[in-house]
Amino acid sequence: MPSRRRTLASMAALGLGLPALAAAPSPRPELPRPAEFDFSRPLTATRARLPFAGGQSGGYGYDGLCPGPLIRVRSGAEFRIRVANALREETTFHWHGLVAPTAADGQPQAPVLPGTEQEICFPIRQRAALSWYHPHPHGATARQAWNGLGGLFVINDAEEDALDLPAGDDELFLVLRDAQIGGPGRLLYPFDPDGTEGRVPLVNGVINPRTELPARQVRLRILNAANARVFRLSAGAPLTVIGNDGGLLPAPVPVNEVQIGPAERLDLILDLRGAPPGGSIGLRDADFEEPLVDIAIRAGAPDRWEIPARLSRIEPLVHDGTGPDRVFRFEGDSSINGQGFDPRRIDFAIPFGKVERWRFYSAQGAPHPIHVHGAHFQVIAREGGRGRVEPWETGWKDTVLKWAPEQVDVLIRFDAYEGRYLLHCHKLEHEDGGMMLNFVTGRDPQAALERARIEALYGPICTTP
Ligand code: C2O
Ligand code: CU
């Protein structure tokens with residue numbers, strides 16, 4: 001992999017913009033904390049003036065913000081929201097990591113037209129986790145996300161509450177992504193069909209921010225909202241993984257470095273108890289010389305909390321078979337098993353409630369972050385490449401990162417809603433290019449498939465007399 005290491009100074013010297021940072025002494029901006037969503041108003045996709053693009057228009061934001069407002073719901077509650085599209089193009093509102101009925105899933109087949117609003121409502125029937133929301137219109141997802149659309153969605157529950165994890169000021173939400181800026185107010189989109197990466201890292205929408213934290217244990221909840229970039233994170237203080245896409249892991253795992261691919265989430269405890277007040281540490285990515293976030297340490301109230309040895313109970317899925325039930329070959333930058341995405345094509349039907357073993361494979365084009373709608377899965381094997389399931393991939397996942405030439409096997413069970421869902425690469429240019437397919441799950445899989453095929457061509461079948 002070519003090194004993308006570059007200092008901010010050398011970027012400025014290369015004429016790559018960053019006027020605010022070109023002058024050596026300019027201070028790092030404060031790390032913004034994402035605003036909480038106000039349910040009394042619609043969540044609105046709109047054009048926005050984004051700070052990282054010099055405060056000029058040209059970007060997009062939910063409620064004008066990048067990242068969008070943080071949505072918080074309790075497990076077991078009803079999620080009811082109005083969504084509005086104030087853009088001049090179609091969009092959708094997909095709740096990534098939430099198990100939603102097909103009609104509320106924000107799939108490309110059900111766009112929210114410009115100038116319109118919709119109400120979305122479904123029960124939260126899953127445990128505590130950090131999820132997120134983003135646009136999903138076919139062929140335009142990559143551009144809309146790159147322009148700034150994406151926000152966090154937090155579910156809390158009693159199991160998590162009982163652990164007494166660091167909260168309030170000691171819990172930090174970090175949305176990572178990258179951007180390309182061509183001068184003051186010029187957000188560029190250097191489209192690459194194999195995945196667009198920008199030269200500038202963003203944390204909560206700003207470049208190389210700073211923040212101040214107490215010399216205590218803090219909880220870092222991280223989303224990779226980039227189109228294609230994989231982040232490899234480390235910090236100058238002990239890091240422990242406690243959770244991922246699907247919530248808490250069974251047990252904590254100390255790490256030196258963690259990888260987070262597009263759409264994945266991480267829940268980390270950063271232990272600053274040994275960090276001297278007055279000093280600072282950096283949250284770093286292996287590709288950038290400057291720390292993504294510079295963390296200044298201040299004295300904090302004593303912290304005697306210890307990470308519990310058992311974090312959560314995970315039911316291991318059991319598969320009654322030997323080989324994989326399905327194999328998905330991710331090819332080039334635009335197809336799965338030789339076919340590009342067709343919104344009217346439904347590829348297969350999965351028996352509702354049955355555990356299946358799926359195999360993801362690719363010879364090239366990696367990394368592919370592979371995502372499934374409608375259910376979470378468990379990663380059970382990886383052959384080739386890294387040759388192991390990483391410690392942060394245990395528990396429940398909705399996206400798994402696959403480098404070439406890795407072969408990754410997962411166990412999956414659809415048991416929440418019967419309906420039509422998607423499997424795709426979450427490198428957004430691959431997804432838009434067609435590395436995506438539709439499937440259905442139903443108690444009578446054959447009937448579900450026939451029905452979905454007719455509906456895909458002719459619209460919903462009416463079942464009431
Ligand atoms: Cu994060 Cu199908 O999407
Ligand atoms: Cu891909």
Side-chain angles (χ1 to χ4, degrees), residues 62 67-68 71 91-100 102 104-111 129-146 149-153 175-177 192-197 223-230 244-246 260-265 328-341 343 360-377 385 397-408 412 419-439:
Y62 288 114
I71 295 175
T91 190
T92 79
F93 294 74
H94 170 55
W95 319 102
H96 181 124
L98 279 102
V99 176
T102 304
D105 196 35
Q107 298 181 13
Q109 292 92 333
L130 178 63
S131 293
W132 64 301
Y133 58 97
H134 64 75
H136 215 310
H138 187 51
T141 296
R143 182 175 44 77
Q144 291 189 3
W146 182 271
L149 291 178
L152 295 171
F153 195 124
V175 178
L176 309 182
R177 45 166 296 175
D192 177 349
D194 196 27
T196 303
E197 291 189 358
L223 160 69
N224 181 349
N227 281 31
R229 177 180 290 279
V230 176
N244 58 14
D245 314 348
I260 180 169
E264 289 189 301
R265 284 87 69 205
F328 302 98
R329 231 190 136 81
F330 294 77
E331 290 147 331
D333 47 33
S334 59
S335 69
I336 302 175
N337 295 341
Q339 290 189 293
F341 182 66
F360 303 130
Y361 180 75
S362 69
Q364 2 114 278
H368 300 285
I370 298 159
H371 172 51
V372 185
H373 292 218
H376 288 84
F377 53 77
K397 294 278 291 167
D398 59 52
T399 307
V400 64
L401 181 63
K402 208 191 71 51
W403 291 95
E406 292 175 353
Q407 171 183 295
V408 176
I412 191 163
R420 186 196 64 226
Y421 292 104
L422 294 162
L423 161 71
H424 62 88
C425 180
H426 219 288
K427 191 187 265 184
L428 297 180
E429 289 78 10
H430 282 184
E431 172 185 330
D432 279 346
M435 198 174 269
M436 177 156 73
L437 56 77
N438 293 301
F439 59 87

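Atom set for the values below is all heavy atoms of this structure, side chains included, hydrogens, waters and symmetry mates excluded. Remember, it's 1-based here, ligands and their atoms both numbered in the order they're listed. The structure presented is a predicted model; accordingly, all values stated were derived computationally and were not measured.
- To the nearest 10 degrees, the Cu ion (ligand 2) sees SG of C425 and ND1 of H368 at an angle of 130°.
- For a distance bound of 2.8 Å, the N, O or S atoms of H371 include none lying that close to atom 2 (Cu) of ligand 1.
- Classification of the H136-H94 ring pair by plane angle, with boundaries at 30° and 60°, yields perpendicular.
- In this structure, a donor-acceptor pair under 3.5 Å is absent between the side chains of E197 and N227.
- For H424 atom NE2 and H136 atom NE2, the angle they make at atom 2 (Cu) of ligand 1 is roughly 110°, to 10 degrees.
- Using a 3.5 Å distance cut-off with no hydrogens or angles, the side chains of E264 and T399 do not pair a donor with an acceptor.
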Verdict with supporting geometry, Q109 and N438, side chain to side chain donor-acceptor pair (under 3.5 Å): CA-CA 11 Å; Q109 292 92 333; N438 293 301; 3.0 Å; yes
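- Side-chain contact check for D398 and H96: at least one donor-acceptor pair (N or O, by modelled atom type) lies under 3.5 Å.
- Here H373 meets the criterion, with an N, O or S atom under 2.8 Å of atom 2 (Cu) of ligand 1.
- Taking 2.8 Å as the threshold, H426 counts as a candidate ligand of atom 1 (Cu) of ligand 1, since one of its N, O or S atoms lies below it.
- Among heteroatoms of the N, O or S kind in H430, ND1 lies nearest the Cu ion (ligand 2).
- With respect to atom 1 (Cu) of ligand 1, H96 has ND1 as its nearest N, O or S atom.
- In summary, H134 places an N/O/S atom under 2.8 Å from atom 1 (Cu) of ligand 1, meeting the contact criterion.
- The side-chain contact (heavy atoms from CB on, under 4.5 Å) with C425 is formed by just one residue from the set K402, M435, E431; it is M435.
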